[in-house]
> 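The structure under discussion is supplied below as structure tokens; questions concerning it will follow.
Counting starts at 1 for both ligands and their atoms, following the listed order. Every heavy atom of this structure was used, including side-chain atoms; hydrogens, water molecules and symmetry mates were not. Remember, predicted model here, so these are calculated numbers, not experimental data.
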Amino acid sequence: MTEVLKRVKEGIEVTGVGDEYYEFLRYPKVQMTVSIPVKMRDGKIRTFLGYRVQHNNARGPYKGGIRYYPTTDLDEVTALAMLMTYKCAVVDLPYGGAKGGVQCNPKELTRDELERITRRYTYMIADIIGPYKDIPAPDVYTDAQVMAWLMDTYSQIVGKLTPEVVTGKPVPLGGSEGREEATGLGVAIGAREAVKALNLGMKGIRVAVEGFGNVGSYAALYLHNWGAKVVAASDSKGGIYNPEGLNVPALIEHKKRTGAVLGFNGSKTISHEELLHLDVDVLIPSAIEGTINAKTVGGIRARVISEGANGPTTADADKVLREKGIFVVPDILANAGGVTVSYFEWVQNLKREKWPKEEVVSKMETKLVKAFHDVLGTSRRYEVDTRSAAFCLSVERVCESVKLLGIWP
Ligand code: GLU
């Protein structure tokens with residue numbers, strides 16, 4: 001959490017919005033911890049811990065995903081809720097920031113157990129979520145099916161079908177076309193705009209992707225389709241490398257079939273650290289927090305980093321990236337494609353409309369490219385790096401709304 005707070009503090013100082021706003025934004029408005037008893041496949045009861053943290057809603061209803069992860073705790077969810085406030089503000093969405101999580105390992109749970117966890121968790125947080133209050137979405141190890149269970153449980157509690165309470169749903173249940181690939185596409189757009197800003201072309205540009213999950217695989221696919229050469233990819237089981245470039249669509253198939261990138265045709269196995277240190281043009285960290293840290297940052301050779309994960313770079317590593325002159329597209333900008341399409345999904349649900357995929361994708365692209373240039377403009381205005389600029393811009397926007405609302409009661 002301290003990592004995010006440091007950046008917010010800097011944003012407040014640089015922009016001069018007023019020192020008192022640091023205290024104001026330092027604490028989330030609501031932190032909820034719930035216990036989730038679940039009957040497991042062997043008939044025994046296991047109790048999981050769940051969280052929903054609502055950081056700030058000055059710009060609109062709280063918004064943010066729910067992650068299912070073995071080490072998730074209140075501190076992590078709080079930091080991620082804060083990041084959502086600033087992420088939504090950078091892309092200028094009318095949302096505040098929230099995050100949720102359940103401390104569990106979905107890889108060891110059956111589908112039925114996951115469903116029971118999801119329904120009980122939803123029941124426990126039902127009072128504080130809602131279409132105009134707080135709208136959850138997928139995050140690490142949660143998907144459209146989990147969102148469908150959440151929507152159904154909530155709808156049954158309030159007694160009416162309420163698709164607009166959650167985004168990232170399956171398309172037949174009111175999910176948006178393009179939501180599944182949205183975050184990865186946004187990360188690819190971030191990389192592409194940075195490459196452009198450095199006056200480089202996309203053709204043959206070498207890319208390494210750390211974390212070949214939903215975000216990383218789609219980012220790789222789009223970059224591959226635009227002519228880049230994706231030379232390395234990794235997931236929780238290990239990494240692979242092929243200097244000639246990986247066939248990304250075939251790698252996605254391989255991962256679907258085997259559950260890992262390892263063993264892909266014509267590739268050599270490499271470690272996570274080796275992947276981060278490859279001589280590439282673009283590095284896409286899209287796994288979890290803190291993988292670019294004091295230990296790993298020294299060997300990084302990429303010219304552009306587009307951050308698919310939330311918080312992949314620690315503050316001390318960030319300083320080194322700055323000294324090295326690496327162009328960083330910070331997480332709150334680079335991975336905002338997901339929440340942007342979530343917003344479009346919510347708008348479609350509220351208006352009972354269904355937009356074609358091309359419309360969703362082109363609207364998202366417009367928003368992200370505008371945000372990219374807003375951040376570059378802010379970086380020039382305050383003479384700061386791109387990450388600080390993203391925070392300056394979003395802190396300014398959040399504080400503007402906070403000031404206009406005033407304090408009541
Ligand atoms: N979990 C995603 C994120 O961190 C998406 C959130 C959303 O769509 O609300 O941005």
> So if I apply the side-chain hydrogen bond (donor to acceptor under 3.5 Å, both in side chains) rule between Tyr68 and each of Thr142, Asp139, Asn105, Thr118, which one comes out positive?
Thr118

> State, without any angle test, whether Thr313 and Glu307 hold a side-chain donor-acceptor pair at a distance under 3.5 Å.
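Yes, a side-chain donor-acceptor pair sits under 3.5 Å.
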
> Decide yes or no on side-chain hydrogen bond (donor to acceptor under 3.5 Å, both in side chains) for Ser176 and Gln348, but give the supporting numbers first.
CA-CA 8 Å; Ser176 179; Gln348 289 174 74; 3.0 Å; yes

> Is Asn335 close to ligand 1, meaning an N/O of one under 3.5 Å from an N/O of the other?
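Among all N and O atoms of Asn335, none is under 3.5 Å from an N or O of ligand 1.
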
> Considering the heavy atoms of Lys87, write down every atom of ligand 1 situated less than 4.0 Å from one of them.
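Every atom of ligand 1 under 4.0 Å from some heavy atom of Lys87: 3 (C), 4 (O), 10 (O).
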
> Could you list the atoms of ligand 1 found under 4.0 angstrom from a heavy atom of Met84?
3 (C), 4 (O), 6 (C), 10 (O)

> For ligand 1, does Leu80 get within less than 4.0 Å through its side chain, its backbone, both, or neither, judged by non-hydrogen atoms?
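Within the 4.0 Å criterion, Leu80 makes no contact with ligand 1.
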
> Quick one: is the NZ or CZ of Lys63 closer than 6.0 Å to the six-membered ring centre of Trp346, and within 45° of its axis?
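Ring-cation test returns no.
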
> Considering only protein heavy atoms, which is closest to atom 8 (O) of ligand 1, and at what distance to one decimal place?
Ser342 OG, 2.5 Å

> Of all heavy-atom pairs between Gly263 and Ile240, which one has the smallest distance, and what is that distance?
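That closest heavy-atom pairing would be N-CG2, 4.3 Å.
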
> Quick test: of every protein heavy atom, which one is nearest to atom 7 (C) of ligand 1, and how far off is it to 0.1 Å?
Ala137 CB, 3.3 Å

> Specify the protein heavy atom at minimum distance from atom 5 (C) of ligand 1: its residue, its atom name, and the distance to 0.1 Å.
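Answer for atom 5 (C) of ligand 1: Arg179 NH2, 3.5 Å.
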
> Strictly by modelled atom types, are Asn57 and Lys29 linked by a side-chain donor-acceptor pair under 3.5 Å?
yes

> For ligand 1, which atoms, with element, lie under 4.0 Å from some heavy atom of Val339?
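Answer for ligand 1: 7 (C), 8 (O), 9 (O).
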
> Can you tell which part of Lys99 has a heavy atom less than 4.0 Å from ligand 1: side chain, backbone, both or neither?
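Answer for Lys99: side chain.
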
> Could you check if a side-chain atom of Thr167 sits within less than 4.5 angstrom of a side-chain atom of Phe344, using non-hydrogen atoms only?
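No, every pair of side-chain atoms sits at 4.5 Å or beyond.
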
> Any idea which protein heavy atom is nearest atom 9 (O) of ligand 1, and the distance to it?
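Here the nearest protein heavy atom works out to Lys63 NZ, 2.8 Å.
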
> If hydrogens are left out, which of Pro138, Gly64, Gly338 has an atom nearest to atom 2 (C) of ligand 1, that is, the closest non-hydrogen atom?
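That would be Pro138.
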
> Give the ring-plane orientation class for Tyr86 versus Phe391, where under 30° counts as parallel, over 60° as perpendicular and anything between as tilted.
tilted

